[in-house]
Amino acid sequence: MPEYEFVDVYVPRGVPRKEATRLLTDHAEYGNWELDRVALFRDGSRRVRLRRRIIRQMRPTW
């Protein structure tokens, strides 16, 4: 079963959609994050939850 770590990104209401897309694309491209969920609030702000898989290395058995 894969394990994930999460980060919440808050995008204020004054940020245009194009800039928000660029911000999330940068997170995905350079930090290996993927979109988990988006919450759109009444005032126009967004809370975006990103996730990435945690890769654990096994200890060698000698």
Side-chain angles (χ1 to χ4, degrees):
M1 181 98 163
E3 293 182 43
Y4 293 97
E5 63 178 315
F6 297 92
V7 65
D8 289 332
V9 178
Y10 178 75
V11 182
R13 71 179 183 158
V15 176
R17 182 178 287 200
K18 191 172 185 176
E19 287 185 34
T21 302
R22 185 188 52 79
L23 172 73
L24 296 174
T25 302
D26 288 346
H27 275 286
E29 193 169 328
Y30 300 114
N32 296 325
W33 294 98
E34 61 185 30
L35 185 64
D36 185 46
R37 70 179 54 162
V38 177
L40 180 61
F41 298 108
R42 292 182 137 196
D43 66 350
S45 63
R46 301 175 198 93
R47 184 181 53 90
V48 181
R49 176 169 281 178
L50 304 172
R51 71 178 185 179
R52 69 177 165 189
R53 191 170 180 186
I54 298 173
I55 300 173
R56 304 226 186 256
Q57 294 189 0
M58 302 291 290
R59 290 185 178 205
T61 56
W62 298 87

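Residue numbers run from 1 in the order of the sequence given. Note: hydrogens, waters and symmetry copies are ignored here, and every other heavy atom, side chains too, is used.
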> Does the side chain of W33 reach to within under 4.5 Å of the side chain of R49, using non-hydrogen atoms?
Replying inline: no
>> Among R52, R56, R53, which residue satisfies the salt bridge (Lys or Arg N to Asp or Glu O under 4.0 Å) criterion with E3?
In response: R56
> Do R37 and F6 have side-chain heavy atoms sitting under 4.5 Å apart?
Replying inline: no
>> Minimum heavy-atom separation for V15 and E19, please, with both atom names.
In response: CG1-CB, 3.9 Å
>> Assigning hydrophobic clusters by single linkage (Ile, Leu, Val, Met, Phe, Trp, Tyr; side-chain heavy-atom cutoff under 4.5 Å), is L40 placed with L24?
In response: no
> Hey, does the side chain of S45 reach the backbone of F41 with a donor-acceptor pair shorter than 3.5 angstrom?
Replying inline: no
> Taking all non-hydrogen atoms of both residues, which atom of L50 and which atom of L35 are closest, and how far apart?
Replying inline: CD2-CA, 4.0 Å
>> So does D8 get a backbone contact from the side chain of R47, meaning a donor-acceptor N/O pair under 3.5 Å?
In response: no
> Looking only at heavy atoms, which two atoms of P12 and Y10 are closest? And how far apart?
Replying inline: CD-O, 3.7 Å
> If you look at every heavy atom in R13 and D43, which pair is closest and at what distance?
Replying inline: CD-O, 3.1 Å
